[in-house]
Structure formats: C-alpha cells, structure tokens
Amino acid sequence: MLTTLLVAATLAALVSPPAGPAAATVVVAKDGSGTYTTVQAGIDAVAAGGTVSIKPGTYHEVITVPAAKTGVTLRGTTGKAADVVVDYDNASGTKKPDGSTYGTTGSATATIAANGFTATALTFRNSFDRKAHPEITATQAVAVKTTGDRMVFDNVTFLGHQDTLYADTAAVGTTGRQYYRNCAISGDVDFLFGRATAVFDRATITALDRGSNPNGYLTAASTRRTNPYGFLIVGSRVLSPAAASSFYLGRPWHPGGDVDAIAQVVIRDTALPAAIKAAPWTDMSGFSWKDARFFEYRNTGAGAGTGTDRPQLTAAQAANFTAQRYLAGADGWNPVH
C-alpha cells in the first residue's frame, strides 16, 4: 500500500510540477518537453511581466489571463502563427453541465483581462460548427475576448465565424486600447465587435461565405459616446469568397439597448473585395447606422466606393484618425511601428 502511494505521488509530481514562486519564463509543450503541457498551466505559473513560450501543437483548452497578470507575453516559439493553436468549440448556446448555457462572453476560447498583455506568433480559434449542431441556435462563438488596456497582438490569427474577436473593455467608461498588427482575422457575423479602442494595422480580414445575403458584417462596434476612437482598420486588406454585394462593413451595436453606445469605425487605406455592398453600413436592433460614426478614407478594390451611403473623411479629418491618435491616450502610448 505504501509503495502504491509513493508511485502515485511520483507520477503526480511528473505531470504537475510542485507549485513554487512565479517564474519569469515558462515553456509549454504538448509533448512534455517543456515545463507544462497546457497553456493555462503556463499562465498560472508565470509571473506578472513574464513570458509563456509555447511550442508547436494544438492546445484544446479554454484559457484565461486574469487582470492581475499584467504585462504577460504569450509567444509561439516558431514565429509562425499556424504552428501554435489554442482551440475550443463552445458557442453561446452550448449547454454547461448544469444545463445553463455559456452565453457570448462565456463561449470565448481565450479571455484576456490583463493590461500590458502581448501575444505573438500564435492562433486563437473557436471551432464551433453550426452545421454539426443544428440544435444550437445561439451561434455566437468567440475566439478571444479582450478587456485590457495597452494590449498588443502581433502576427496573431483569430479564427471563428460569428463574433470571432470581442474587443472590449473592463467596464463601461473604462479605456481599453488594443493594437492588432499584421494579424489575420476571419468570420462572418459581427466578427469584430465591442467597445474597445482597437487598431487593426496591416491586417488580413477574411469575410467568410455563409451562402446567404447578407453573408455577414465585419464590425459591430459599441463605442461609448464619450470616446472619439473605436475601431480603426488601416493599411489592411479584406478578402472574401462570398458573392458580390453580400457583406456589410458594419452595424452599430447597442448592448441591451444602451443609447450611449455610439459605434465609431473608420476603415481607411484598405483594399475591399467585391463582396462588400455598395451601401456598406446597416441598422441594428432598431438603431440607425446614420447615427453612428462610420467613415471610410482612400479605400481601394472592387468593393470600394463613395456616395451618400458611404461617408468619407476629408484629408484634414483623416489626420486625426491614425493609429497613433487612436492609441495615444493620456499617457502617450505608441506601440506602432
């Protein structure tokens, strides 16, 4: 009996190293060649300001970076986002063991609440499959929900369908500046949404084909009325296999009917595909897009255009809607390069 207990304790120690002081750097590897085999274990072990290096593999888990873990970096070790995938498949309507459902926020594969967070060279995916689950009608399925400030995502891929990237803030009236550089984002319905101040710089945005019209909406911002800066898509390209004139650039989201959520979105210097509608903004839940703050500037491609239904910035106005202006805040933060 004693021998059995000793063997069990030894095996447990090998699988889960004993807790100790938080580490400045930890290595996660599915094959056991790192300190931990799950990303969440690495996050739990790393110190604020530390780095979790993740070796190649698909990590089927839900992860959380809590607000207290400020300044943490998640880094794929190969430099290729496709090599390291954090994936789960909960949808809003997926049932929990207690019979309740996850809801949109609860569906997130990754929830990142910490300020000063950085991610580089990895993929976050929500692989919920609508066709495989016709019994689920609430199909919002978030890959990542962010609520921190001064966050940087560099060479990161976000994969999903409805509500892929929930760029939010910690609370109503709280600032959440987020910089997405050289990232790839795919989805169909409202797949960039929330109240954060988020810059998508040199992004590749793929609008997926649902075989319907409309196929979907790139954005559903819920920017606070008092915040001049919501979402900026700049120097990017939008791709789509969907039919011509089947996608909207966005619609204004008013969570719970909040009249002070006045969407602010600028899409500028970006290539747009034929899938974008000639009148690319639309109403949502009884709120008119014309009351939101939607603008374009110097876009190109088959889906670009001007006219009454496509408000354009003037050159003078455009000078105030740059990545630096969005992100500076009161502290002059400038991660742009």
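All residue numbers refer to positions in the sequence shown, counting from 1.
- The aromatic rings of H133 and F128 lie parallel to each other, their planes meeting at an angle below 30°, with 60° marking the opposite boundary.
- Between M284 and H254 the shortest side-chain heavy-atom distance does not fall below 4.5 Å.
- With sequence neighbours excluded, no residue forms a salt bridge (charged side-chain N to carboxylate O under 4.0 Å, His left out) with K30.
- The aromatic rings of F321 and Y229 sit perpendicular to each other, their planes meeting at more than 60°, with 30° as the lower class boundary.
- Here the CZ atom belonging to R150 is positioned 9.0 Å from the CG atom belonging to N115, to the nearest 0.5 angstrom.
- L165 CG to N126 CG: the interatomic distance, rounded to the nearest 0.5 Å, is 12.0 Å.
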(message) Between N227 and T197, does the side-chain hydrogen bond (donor to acceptor under 3.5 Å, both in side chains) criterion hold? Intermediate values first, please.
(response) CA-CA 8 Å; N227 187 357; T197 295; 3.0 Å; yes
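- Between Y248 and L218, the closest side-chain pair of non-hydrogen atoms is not below 4.5 Å.
- Inter-residue side-chain proximity for L74 and I63 is flagged as met; some heavy-atom pair is nearer than 4.5 Å.
- Relative to the ring axis of F247, K277 does not place its NZ or CZ within 45° and under 6.0 Å from the centre.
- Comment: R195 engages D168 in a salt bridge, judged by a side-chain N to carboxylate O separation of less than 4.0 angstrom.
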(request) Apply the test side-chain hydrogen bond (donor to acceptor under 3.5 Å, both in side chains) to residues N320 and R325: give CA-CA distance (whole Å), side-chain angles for both, the deciding distance (0.1 Å), then the verdict. (result) CA-CA 6 Å; N320 292 314; R325 291 292 181 92; 2.4 Å; yes
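- By the salt bridge (charged side-chain N to carboxylate O under 4.0 Å, His left out) test, R310 is found to be paired with E296, residues two or more places apart in sequence or in another chain being considered.
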(request) Start with the C-alpha gap between Y326 and Q178, add the side-chain angles, then the distance that decides, and say whether side-chain hydrogen bond (donor to acceptor under 3.5 Å, both in side chains) holds. (result) CA-CA 9 Å; Y326 270 69; Q178 301 163 15; over 6 Å; no
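- Atom CG of D87 is separated from atom OH of Y59 by 13.0 Å, given to the nearest 0.5 angstrom.
- In this structure, the side chain of T169 engages the main chain of A171 through a donor-acceptor pair within 3.5 Å.
- By the 30° and 60° cut-offs, the orientation of the rings of Y180 relative to F158 is perpendicular.
- Taking the centre of each ring, F153 and F117 come in below the 6.0 Å mark.
- Checked against salt bridge (charged side-chain N to carboxylate O under 4.0 Å, His left out), D188 has the following partners two or more places apart in sequence or in another chain: R130.
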(request) Show your working on ring-ring contact (aromatic ring centres under 6.0 Å, His included) between F193 and W253 and close with a plain yes or no. (result) CA-CA 8 Å; F193 75 113; W253 182 35; 5.5 Å; yes
